[in-house]
Amino acid sequence: MSLPTKYKPEYCQLLIEHMGNGMSFRSFAGTVNCGIRTIYDWCDLFPEFKEAKAIAQAKCEEYYTRLGIDMATGNIERPNATSYVWLTKNILKWTDKEQTQGDNHQPINITISKDDSN
């Protein structure tokens, strides 16, 4: 016997709209009055909700991309770049650090010595 769930099929569209307005997946739990773990469980239990999450994440990225373009082109009066960077790094996991591929990390040994030949 499985536990009852608060899941409703209409949450799929609601999630897409929620994240399409720049909100995070995790904040959706507050919108539907449940715990964060619950909405992650819904992704495992309901394939349509997992697909809605993928669409919603794309909509969220589109939201922040458009916002960044509007900030860069002067379409937003007094933009707050610090807030924008914080939001994109935390909600979208954007980073300005170089990402490495694979697990083939080898140590690099560097020897520094003084040239006394002069």
Side-chain angles (χ1 to χ4, degrees):
M1 179 178 183
S2 63
L3 296 173
T5 179
K6 294 180 177 181
Y7 176 77
K8 297 177 185 173
E10 57 264 25
Y11 287 168
C12 293
Q13 186 57 39
L14 189 58
L15 175 64
I16 292 168
E17 292 168 7
H18 177 81
M19 291 182 70
N21 287 316
M23 303 297 284
S24 71
F25 177 70
R26 294 169 58 94
S27 69
F28 183 70
T31 299
V32 295
N33 297 314
C34 69
I36 293 169
R37 179 71 249 159
T38 299
I39 61 172
Y40 282 100
D41 289 344
W42 290 347
C43 289
D44 294 333
L45 296 170
F46 305 102
E48 69 274 14
F49 190 74
K50 184 177 183 178
E51 177 64 17
K53 180 185 177 196
I55 294 167
Q57 287 174 319
K59 290 285 190 182
C60 190
E61 186 155 339
E62 177 186 31
Y63 173 89
Y64 284 104
T65 300
R66 288 184 191 281
L67 179 60
I69 290 168
D70 285 345
M71 290 172 64
T73 57
N75 291 333
I76 295 179
E77 188 176 323
R78 298 178 56 197
N80 187 324
T82 301
S83 293
Y84 179 76
V85 169
W86 187 90
L87 287 165
T88 57
K89 284 185 174 189
N90 285 277
I91 293 176
L92 300 175
K93 306 300 181 212
W94 286 359
T95 179
D96 53 0
K97 294 181 181 177
E98 184 178 331
Q99 300 294 313
T100 60
Q101 298 280 333
D103 294 329
N104 191 14
H105 300 286
Q106 300 293 325
I108 298 173
N109 297 316
I110 300 174
T111 304
I112 300 174
S113 61
K114 182 177 177 185
D115 182 3
D116 290 328
S117 63
N118 292 336

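Any value given below was found using the heavy atoms of this structure, including those in side chains, with hydrogens, waters and symmetry copies removed. If you're wondering where the values come from, they're calculated on a predicted model, not measured in any experiment. One-based numbering along the sequence shown.
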Peer 1: Any chance you could measure L15, atom CG, to M23, atom CE, to the nearest 0.5 Å?
Peer 2: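 Output value for this atom pair is 11.5 Å.
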Peer 1: Kindly give the heavy-atom pair with the smallest separation between H18 and T31, and that separation in Å.
Peer 2: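 Looking at all heavy atoms of both residues, the shortest contact is CE1-OG1, 3.3 Å.
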Peer 1: May I ask whether L92 and M19 are part of the same hydrophobic cluster, defined by side-chain heavy atoms of I, L, V, M, F, W, Y residues being less than 4.5 angstrom apart, directly or through others?
Peer 2: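 They do not share one cluster, since no chain of ILVMFWY contacts under 4.5 Å joins L92 to M19.
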Peer 1: Please check if I16 and Y11 belong to a single hydrophobic cluster, counting links between Ile, Leu, Val, Met, Phe, Trp and Tyr side chain heavy atoms closer than 4.5 Å.
Peer 2: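 No; tracing contacts between hydrophobic side chains, which count when under 4.5 Å, never links both residues.
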Peer 1: SG of C60 to CG of L87: how many Å apart, nearest 0.5 Å?
Peer 2: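 So the gap between those two atoms works out to 9.0 Å.
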Peer 1: Compile the donor-acceptor pairs under 3.5 Å between side chains in residues 42-56 and protein atoms, sequence neighbours left out, one pair per line.
Peer 2:
unit_1 : atom_1 : unit_2 : atom_2 : d
W42    : NE1    : T5     : OG1    : 2.9
E48    : OE2    : Y7     : OH     : 3.1

Peer 1: Minimum heavy-atom separation for G22 to I91, with atom names?
Peer 2: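 Taking every non-hydrogen atom into account, O-CD1, 3.6 Å.
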Peer 1: Rounded to the nearest 0.5 Å, how far does OH of Y64 lie from OG1 of T88?
Peer 2: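 Those atoms lie 8.5 Å apart.
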Peer 1: Would you compute the distance between atom OH of Y84 and atom CG of D70 and round it to the nearest 0.5 angstrom?
Peer 2: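 Separation between the atoms: 9.5 Å.
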Peer 1: Mind checking what makes salt bridge (charged side-chain N to carboxylate O under 4.0 Å, His left out) contact with D41, not counting sequence neighbours?
Peer 2: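 Salt bridge (charged side-chain N to carboxylate O under 4.0 Å, His left out) check on D41 returns R37.
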Peer 1: Taking I69 as the starting point, is it possible to reach Y63 by hopping between hydrophobic residues whose side chains are less than 4.5 Å apart?
Peer 2: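 Looking at the clustering, I69 is in a separate group from Y63.
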Peer 1: Please determine whether residues I76 and V85 belong to a single hydrophobic cluster, defined as Ile, Leu, Val, Met, Phe, Trp and Tyr linked transitively by side-chain heavy-atom distances below 4.5 Å.
Peer 2: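 Shared cluster, no.
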Peer 1: Mind checking ring-ring contact (aromatic ring centres under 6.0 Å, His included) for F25 and listing every partner two or more places apart, or none if nothing turns up?
Peer 2: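 Residues passing ring-ring contact (aromatic ring centres under 6.0 Å, His included) with F25: Y40.
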